[in-house]
Amino acid sequence: METNNYQGALQKPIGSGFNGKSTASEVIKGIDLTGKIAIITGGNSGVGLETTRVLAKAGATVIVLARDIEKARKSLNGIENVQIDQMDLMDPISIDSFAEKFISTGNPLHFLINNAGIMWVPYRKDDRGFESQLATNYLGHFQLTARLWPALKVAKGARIINVSSYGHHYSAFHFEDPNFNHREYETLLGYGQSKTAINLFTVELDNLSKEFHVRSYSVHPGSVGGTDLAREASQELFKQMGILGEDNSIRPEVEATLKTISQGAATTVWCATSPKLNDLGGVYCEDADIATLNLLEDSESYNGVLSYSLEQSNAKKLWELSEKMTGVTFKVN
């Protein structure tokens, strides 16, 4: 029996009983998280906010990491069991500062939800020269996970949820030029590369950490309406993609495929809490179940996961590159 998900060996739906219409509240029904601690990035808006709300309602203490504390306080007002801390995924000093503070409490960490992300942004780099989508969506979360590893290990059953996307279909990881120094920048290629990185990280992390009873999952929330992911995108871009019509309104056939925010949070919550995943990890999930392996890499179908984002040698190669880029040695032992 396969024990890791390299090349998608474990990418088979397991009959979760849920589907793309299921909500976060439905998938967690009957599960008590009293005494559990969760940390979530970007847990104050969109899918992250709903994930925070549902986990907290089930009894977990949820620590929300946000760049803007005041903005986070307003959106989280009235939700019990929530704490807010400042952290910026493009600022490695702030990542270390938060992690040191949490580790110093001696508390275990039961759920780490690497949820925050950016998309459709113009070409920009962080202070280290890293392309912003790669830095925010992946490298910042790699560093945060490494720094919080001691607390995950002592939880004896922790789960790490890395929010990916079908956007990984847009691009493999470009090892020769990850920061677009020598190739033309296209925002969706940058986004796709960052999400492929998340899948590669997930499969390698799970393989290394499962002996410590820490399991990892990558998640495609679905195409979700009402989030602020598109805040920097132009209407012209959405017209080119066929999302908007000439009157700048969303096309009805597109709108019909969108999930609600509660449906979008369902797969994250399912991966974090489902007993069906107790002995299974490293998988890419969508619609509150394990996704299928998509073997049609040149098709227009964005369902399932592409095998290049689960490839063993690239997963190991990316781990080494991530340590080099961040300056963070991530030893799982």
Side-chain angles (χ1 to χ4, degrees), residues 16 18-34 36-68 71-85 87 89 98 109-119 136-137 140-141 144-145 148 152 155 158-165 195 198 202 215-229 258-275 277 284-289:
S16 68
F18 302 110
N19 55 49
K21 300 287 187 186
S22 300
T23 66
S25 295
E26 288 169 348
V27 303
I28 203 173
K29 191 173 182 181
I31 294 175
D32 183 4
L33 300 182
T34 302
K36 305 292 188 183
I37 299 174
I39 290 174
I40 179 170
T41 61
N44 57 299
S45 66
V47 168
L49 175 57
E50 178 66 3
T51 302
T52 298
R53 187 189 69 78
V54 170
L55 294 178
K57 188 175 180 181
T61 296
V62 184
I63 301 171
V64 175
L65 304 182
R67 285 182 298 178
D68 187 330
K71 182 180 176 184
R73 279 203 185 105
K74 288 177 183 175
S75 61
L76 294 163
N77 185 41
I79 304 178
E80 295 183 356
N81 301 330
V82 169
Q83 301 170 18
I84 305 170
D85 260 290
M87 197 194 78
L89 284 162
F98 166 74
L109 176 57
H110 303 91
F111 309 106
L112 174 58
I113 301 176
N114 292 319
N115 166 82
I118 57 175
M119 185 180 187
T136 302
N137 298 349
H141 285 126
L144 179 65
T145 306
L148 292 173
L152 289 158
R159 294 189 185 182
I160 300 165
I161 315 302
N162 299 313
V163 176
S164 182
S165 168
K195 294 303 182 178
I198 287 169
T202 298
R215 306 310 302 249
S216 302
Y217 309 88
S218 55
V219 165
H220 168 43
S223 296
V224 183
T227 73
D228 60 357
L229 254 185
L258 296 179
K259 290 188 178 187
T260 65
I261 286 176
S262 185
Q263 290 168 342
T267 307
T268 295
V269 172
W270 180 75
C271 285
T273 62
S274 174
L277 295 173
Y284 173 98
C285 300
E286 63 187 5
D287 294 338
D289 204 337

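The model shown is predicted, which means the values in this text are computed figures rather than measured ones. All residue numbers refer to positions in the sequence shown, counting from 1.
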Item to check | Val64/Asp85 under side chain to side chain contact (heavy atoms under 4.5 Å, CB included): CA gap, chis, key distance, verdict | outcome: CA-CA 6 Å; Val64 175; Asp85 260 290; over 6 Å; no
Would you give the length of the straight line joining atom [atom1] of [X] to atom [atom2] of [Y], rounded to the nearest 0.5 angstrom?
{"X": "Gln83", "Y": "Leu76", "atom1": "CD", "atom2": "CG", "answer": "11.5 Å"}
{"X": "Phe111", "Y": "Leu33", "atom1": "CZ", "atom2": "CG", "answer": "5.0 Å"}
{"X": "Cys271", "Y": "Ile113", "atom1": "SG", "atom2": "CD1", "answer": "10.0 Å"}
{"X": "Leu89", "Y": "Ile118", "atom1": "CG", "atom2": "CD1", "answer": "9.5 Å"}
{"X": "Thr267", "Y": "Ile161", "atom1": "OG1", "atom2": "CD1", "answer": "10.5 Å"}
{"X": "Thr52", "Y": "Ile40", "atom1": "OG1", "atom2": "CD1", "answer": "4.0 Å"}

Compare all side-chain heavy atoms of [X] with those of [Y] and state whether any distance is below 4.5 angstrom.
{"X": "Glu50", "Y": "Val47", "value": "no"}
{"X": "Gln263", "Y": "Lys21", "value": "yes"}
{"X": "His141", "Y": "Thr41", "value": "yes"}
{"X": "Leu144", "Y": "Met87", "value": "yes"}
{"X": "Trp270", "Y": "Val219", "value": "no"}
{"X": "Arg53", "Y": "Asn81", "value": "no"}
{"X": "Ile84", "Y": "Ile63", "value": "no"}
{"X": "Leu65", "Y": "Asn44", "value": "no"}

Mind listing the closest non-hydrogen atom pair of [X] and [Y] along with its distance?
{"X": "Val27", "Y": "Ile31", "value": "O-CD1, 4.2 Å"}
{"X": "Gly264", "Y": "Pro221", "value": "O-CB, 3.3 Å"}
{"X": "Leu49", "Y": "Ser75", "value": "CD1-O, 3.8 Å"}
{"X": "Leu55", "Y": "Ala38", "value": "CD1-CB, 4.3 Å"}
{"X": "Ala155", "Y": "Ala158", "value": "CB-CB, 4.0 Å"}
{"X": "His110", "Y": "Lys36", "value": "ND1-CA, 3.5 Å"}

Checklist entry - Out of Thr202, Asn115, Asn137, which one pairs with Asn162 under the side-chain hydrogen bond (donor to acceptor under 3.5 Å, both in side chains) rule? => result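 Passing option: Thr202.
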Checklist entry - Can Ser164 and Lys195 be said to form a side chain to side chain contact (heavy atoms under 4.5 Å, CB included), step by step? => result CA-CA 5 Å; Ser164 182; Lys195 294 303 182 178; 3.9 Å; yes
Next on the checklist: Can a donor-acceptor pair be found, under 3.5 Å and without considering hydrogens, that links the side chain of His220 to the backbone of Glu286?
Outcome noted: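 No, the answer is negative, given that no donor and acceptor are paired below the 3.5 Å cut-off.
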Next on the checklist: Could you check whether any side-chain N or O of Ser16 sits under 3.5 Å from a backbone N or O of Ala288, counting only pairs where one atom can act as donor and the other as acceptor?
Outcome noted: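 Checked: pair present.
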Checklist entry - Are Asn114 and Val163 close enough, and set up right, to give a side chain to side chain contact (heavy atoms under 4.5 Å, CB included), and what steps lead you there? => result CA-CA 6 Å; Asn114 292 319; Val163 176; over 6 Å; no
Checklist entry - Salt bridge between Lys29 and Glu26, side-chain N to carboxylate O under 4.0 Å? => result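 No.
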Next on the checklist: If the threshold is 4.0 Å, N to carboxylate O, is there a salt bridge linking Asp68 and Arg73?
Outcome noted: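 Salt bridge flag = no for Arg73 with Asp68.
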